[in-house]
Structure formats: C-alpha cells, structure tokens
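Here the structure is a predicted model, which is why all the values come from computation and not from measurement.
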Amino acid sequence: AVRKCHIKAVKILIEKGSDQRIVSNERATLLIAAAQSGRVEMAQLVWNLGGFNVNDIDNKGWNPLMYAAREGDLESAKLFLSFGADPTYR
C-alpha cells in the first residue's frame, strides 16, 4: 500500500494497529517504500509515524534520499534532507 501510494489504505492499516516496523525481504523499511512511491505525501505520512532512521539502507545499499532522487521526487528529497538525510552517502 505504501509503495503504491494508497494513502487511505495506509491510514486504515495504521488505525487498525499494523506493525509499521516491518521490513521487506529487500530490507526496505516503510520509509524506503514511501520514497519509492514518488509521493511526498506518503513520505510525510510514514515519517510522522516516528521511529525511522532516514539514513537506513536496503539490501541494494539505497536509502530514502536516493530513491527520491531516482524517482525525480524533488519535494521528498527536500523532506528527507530536512529529516537529516546524508547527501554524501554513496
């Protein structure tokens, strides 16, 4: 739901008590999935849940800022930088 940017579905899952700390087989956190969605609204919604490290990486070595850049999502990239994303990570 996060990667597909189904905001209503994500809000319902949160309200029903879904575990937001789940990590995918690729080691992608919900924040990484939000970055992959290409939508700043999803990135903000997930960040507001709390407890995420904006510099976490998946098994490809990519962090949320890198996915936002790949998606051409300038607004999410700015948001991740405001959360403390490391722009020098490679």
> Out of curiosity, Met42 CE to Asp73 CG, how far, rounded to the nearest 0.5 Å?
Replying inline: 12.0 Å
> How many angstroms lie between CG in Asn53 and CG in Asn55, if you round to the nearest 0.5 Å?
Replying inline: 5.5 Å
> Which one of Leu30, Ile32, Thr29 satisfies the side chain to side chain contact (heavy atoms under 4.5 Å, CB included) criterion with Val46?
Replying inline: Leu30
> Could you give the distance from CZ (Arg39) to CD (Glu71), rounded to the nearest 0.5 Å?
Replying inline: 12.0 Å
> Any idea which heavy atoms bring Ser76 and Ala68 closest together, and the distance?
Replying inline: CB-CB, 4.0 Å
> Hey, what do you get for CG (Leu31) to CG (Asp56), rounding to the nearest 0.5 Å?
Replying inline: 8.0 Å
>> Give me the atom names and distance for the closest heavy-atom approach of Ala43 to Ala34.
In response: CA-CB, 3.8 Å
>> What's the separation between atom CG in Leu79 and atom CG in Leu74, rounded to the nearest 0.5 Å?
In response: 11.0 Å
>> Does anything in residues 60-90 form a ring pair (Phe, Tyr, Trp, His ring centres under 6.0 Å)? List the pairs, not counting sequence neighbours.
In response: Trp47-Phe83, Trp62-Tyr67
> To the nearest 0.5 Å, how far apart are NZ in Lys78 and CG in Leu65?
Replying inline: 13.0 Å
> Do you know which two heavy atoms are closest between Val54 and Gly84, and how far apart they sit?
Replying inline: CG1-C, 3.6 Å
